[in-house]
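As structure tokens, the structure follows; a few thoughts come after it.
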Protein chains: 2
Amino acid sequence: MSVPLYQAKAEMFRVLGHPVRIRVLELLQAGPRPVRDLLAEIDVEPSNLSQQLAVLRRANVVISFRDDGLVMYALSTPAVADLLAAGRRILGEVLTDRDGLLAELRAHRPG
Amino acid sequence: MSVPLYQAKAEMFRVLGHPVRIRVLELLQAGPRPVRDLLAEIDVEPSNLSQQLAVLRRANVVISFRDDGLVMYALSTPAVADLLAAGRRILGEVLTDRDGLLAELRAHRPG
DNA sequence: TGCCGAGTTGCGAAAATCTTCAACTCGAAC
DNA sequence: GTTCGAGTTGAAGATTTTCGCAACTCGGCA
């Protein structure tokens, strides 16, 4: 691999780091959906949604195919849903803890 | 919450979307570390590292404290390690699959 | 062939992010 | 109090991302 692993990983996360892209992925967790549906639920201009979808496609996070005249999108792998779940969990912990960890860590030092 | 949930989630991922920040977090998975160590392993200027650490701090992804004259950093919660692990797994799947999913999805449609 | 709806792409301006340099703060030792 | 090492912060320039508009492509149908 010509790209360092940590850089590829950073890129993966960066791709998820956008509100519209997150919403798309969350909607796709329930299964494949046509662009039309995404557009109806996300409140963004068609061209903008298309650009965000392109970002997700280039990163191989989603795939697209045509079905019955509509362009459909789907998660490229269920692991994407796992990542979203992990993000959701962290968000919960991070928003509640905020302190108490610091004191605990201080206490643990071998001094 | 004044900030929509999907936006907070996007922000969480965006924070991880930087090579230096990813490397920091991976190093911190093994336990708290002084800035000095991070600096030795990451090949970035001190001020730059400090800025990236500040980003992680503001997002409550890491915490910092002083120990024996050195500033230490640590993951704010073990869940951060889970998120990194999920990212690692996706990266593997995404880099290998790339196709085969499309055909499968086509076959599943109810037509 | 020509048209229409569904999506996509190119482009330019605005906004956010990244990186470096210099200046600054803080704690420890003298 | 002064000095030194460790780390942080502020600011400016360069790079990247974002977003809306307009133009374009593609498939289906008259």
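This structure is a prediction, so every number in the text was calculated from the model and none was measured. Each chain gets a letter, A, B and so on, in the order its sequence line appears, and its residues count up from 1.
Partners of A:Leu27 according to the side-chain contact (heavy atoms from CB on, under 4.5 Å) rule, which considers only residues two or more places apart in sequence or in another chain, are A:Arg33, A:Leu38, A:Glu41, A:Ile42.
Look at CZ on B:Arg66: it is 15 Å from P on C:dT25, rounded to the nearest Å. Following rounding to the nearest Å, B:Ile42 (CD1) and C:dC18 (P) show an atom-to-atom distance of 15 Å. Atoms CG (B:Leu53) and P (C:dT19) sit 13 Å apart, rounded to a whole Å. The separation between A:His18 atom NE2 and C:dA16 atom C1' is 11 Å, rounded to whole Å. In this entry the distance linking CZ of A:Arg58 with C1' of C:dT8 reads 12 Å, nearest Å. The CD atom of A:Glu45 sits 14 Å away from the C1' atom of C:dT8 (whole-angstrom rounding). Going from atom CZ of A:Arg14 over to atom C1' of C:dA16 covers 13 Å, rounded to whole Å. Between A:Gln51 atom CD and C:dA14 atom P there is a gap of 17 Å when expressed in whole angstrom units.
When the side chains of ILVMFWY residues are joined at heavy-atom separations under 4.5 Å, either directly or via intervening members, B:Leu70 and B:Val44 end up in two distinct hydrophobic clusters.
Closest approach of B:Ala81 and B:Leu75 over heavy atoms only: N-CD1, 4.2 Å.
OP1 and OP2 of C:dA6 both lie 4.0 Å or more from every side-chain N or O belonging to A:Tyr73.
Formation of a donor-acceptor pair under 3.5 Å by the B:Arg21 side chain with backbone atoms of B:Val15 is found in this model. A distance-only check finds a donor-acceptor pair linking the side chain of A:Ser76 to the backbone of A:Asn60 [under 3.5 Å].
Here A:Leu70 lies in heavy-atom contact (under 4.0 Å) with sugar-phosphate atoms only. Among the protein residues, A:Asn48 comes within range of the sugar-phosphate backbone only, with heavy atoms under 4.0 Å from sugar or phosphate atoms but none that close to a base.
The footprint of chain A on DNA chain D, defined by a heavy-atom cutoff below 4.0 Å, extends from D:dT17 to D:dA22.
The shortest side-chain heavy-atom distance between B:Tyr73 and B:Val24 does not fall under the 4.5 Å cut-off.
If A:Arg57 and A:Gly69 are placed on DNA chain C by their nearest nucleotide, the residue sitting closer to the 5' end is A:Gly69.
Electrostatic pairing of A:Glu26 and A:Arg23 does not count as a salt bridge here, judged by no charged N lying under 4.0 Å from a carboxylate O.
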